[in-house]
Asks: 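Would you mind keeping the following structure in view while I ask a few things?
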Amino acid sequence: MQLAHRRCLLTGASGGIGRAVARELSRRNVDLVLSGRDERALVELATELRLAGGRVDVICGDLLSPSGPRDIVAHTLACDPILDMVVNCAGAIHFGNFETAPDDALDRIWRTNVLAPMRLTQAVLPALRRRREALIVNIGSIFGSIGFPCFATYSASKFALRGFSEALRRELDGSGVQLLYFAPRYTRTAFNAGAVERMARAVKMHEDSPESVALQLAQAIEQRAKERYLGWPEKFFVRFNSLFPRLVDGALIKQAAQMRPYALQSLPES
Ligand SMILES: NC(=O)c1ccc[n+]([C@@H]2O[C@H](COP(=O)([O-])OP(=O)(O)OC[C@H]3O[C@@H](n4cnc5c(N)ncnc54)[C@H](OP(=O)(O)O)[C@@H]3O)[C@@H](O)[C@H]2O)c1
């Protein structure tokens with residue numbers, strides 16, 4: 001899809017990857033609707049982008065409130081009924097032993113990472129269908145293809161998002177609405193602050209900058225990719241795990257032993 005002069009709703013725009021995506025898309029002349037809960041961060045980003053010549057609206061909203069996704073879409077379309085793209089980037093994580101994960105973490109992660117993008121997509125589809133060509137981008141994770149110990153809830157939510165993306169992409173075939181499932185690996189943002197960051201350093205996890213993730217997302221959109229997994233050897237392990245999961249078990253069980261002390265340091269809500 002050619003990006004210039006498209007209008008895009010971006011959730012999670014106040015976060016590390018979201019901000020970088022907003023800058024990358026704005027540089028490519030995409031008109032943006034920035035969404036998140038942190039109004040100050042969104043207004044600051046919008047000001048920066050407008051000063052550089054971008055066209056930007058800000059719509060604050062909580063994706064966890066029952067009408068949150070629908071309200072965000074309604075406000076977006078009230079500003080301008082034309083919408084070409086939605087990027088479901090908002091996300092939540094839990095790192096720690098599953099056995100002791102608090103119930104509210106399970107609930108928050110499932111609703112943020114699975115139900116919110118599904119509800120938002122449902123609300124936005126009639127507007128996208130009115131365009132000759134439109135796009136839904138779901139930001140998944142490498143952990144949505146490789147079940148990672150100490151990230152059981154997060155992994156499960158991203159597996160679900162990947163399944164939803166694959167099914168909906170097939171369902172929408174021929175409608176003009178395309179779907180891209182985009183899966184970054186570990187990325188330097190506040191998402192991983194604290195115990196996750198210390199663990200990632202200890203196990204020498206490969207990492208990307210949010211800017212590199214945003215650039216690869218823009219390229220994947222322009223190339224009309226249906227799915228994209230970032231990083232080498234991560235993209236290889238995605239395939240390998242789907243074919244030979246028992247062989248991957250060994251490596252990850254070994255890594256889990258290194259991860260466990262950090263998982264115990266993790267606060268329940270992190
Ligand atoms: N960082 C990584 O290592 C990594 C790797 C693979 C995939 N990902 C995925 O990339 C996406 C972005 O991650 P990130 O690193 O940018 O995380 P981040 O910096 O923590 O940002 C998370 C974003 O989600 C928004 N959000 C969370 N709960 C929300 C809610 N209830 N309602 C509205 N917005 C909500 C936050 O908005 P407010 O701050 O305004 O509340 C923020 O903009 C996530 O889907 C994540 O799973 C990240």
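As a basis for the values below, the full set of heavy atoms in this structure was taken, side chains included, without hydrogen atoms, waters or symmetry mates. Both ligands and their constituent atoms are indexed starting at 1 by order of listing. On a predicted model such as this, the values are computed, not experimentally measured, just so you know.
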Asks: Can a non-hydrogen atom of Ala41 be found less than 4.0 Å from any atom of ligand 1?
Replies: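 It does not, in that no heavy atom of Ala41 comes within the 4.0 Å cut-off of ligand 1.
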
Asks: Does ligand 1 have an atom that lies less than 4.0 angstrom from a heavy atom of Arg108?
Replies: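 The answer is no: ligand 1 sits nowhere under 4.0 Å from a heavy atom of Arg108.
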
Asks: Look at atom 31 (N) of ligand 1 and say which protein heavy atom is nearest, naming residue and atom and giving the distance to 0.1 Å.
Replies: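 Going by distance alone, atom 31 (N) of ligand 1 is nearest to Asp62 OD1, 2.8 Å.
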
Asks: Looking only at protein heavy atoms, identify the closest one to atom 25 (C) of ligand 1 and say how far it is in Å.
Replies: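 Sorting protein heavy atoms by distance from atom 25 (C) of ligand 1 puts Ala90 CB, 3.7 Å first.
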
Asks: Please confirm whether Ala92 comes under 4.0 Å of ligand 1, counting heavy atoms of the residue only.
Replies: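 The answer is no, since Ala92 has no heavy atom less than 4.0 Å from ligand 1.
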
Asks: What is the closest protein heavy atom to atom 32 (N) of ligand 1, and at what distance does it sit?
Replies: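 Sorting protein heavy atoms by distance from atom 32 (N) of ligand 1 puts Leu63 N, 2.9 Å first.
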
Asks: Any non-hydrogen atom of Gly61 lying under 4.0 Å from ligand 1?
Replies: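 It does, in that a heavy atom of Gly61 comes within the 4.0 Å cut-off of ligand 1.
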
Asks: Below 4.0 angstrom from a heavy atom of Ile139, which ligand 1 atoms are there? Numbered from 1 as shown, please.
Replies: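 Counting atoms of ligand 1 from 1, those under 4.0 Å from Ile139 are 9 (C), 10 (O), 11 (C), 45 (O).
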
Asks: So, for Met199 and Phe95, which heavy atoms are closest and what is the spacing to 0.1 Å?
Replies: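 The pair with the smallest heavy-atom distance is CG-CZ, 3.8 Å.
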
Asks: May I ask you to list the atoms of ligand 1 that are less than 4.0 angstrom from any heavy atom of Asn192?
Replies: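 Answer, ordered by atom number: 1 (N), 2 (C), 3 (O).
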
Asks: Can you check which of Gly91, Ser14, Gly36 brings a heavy atom nearest to atom 38 (P) of ligand 1?
Replies: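 Ranked by closest heavy atom to atom 38 (P) of ligand 1, first place is Ser14.
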
Asks: Below 4.0 Å from any atom of ligand 1, is there a heavy atom belonging to Phe143?
Replies: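 It does not, in that no heavy atom of Phe143 comes within the 4.0 Å cut-off of ligand 1.
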
Asks: Check for me whether Arg185 has a heavy atom closer than 4.0 Å to any atom of ligand 1.
Replies: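 Yes.
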
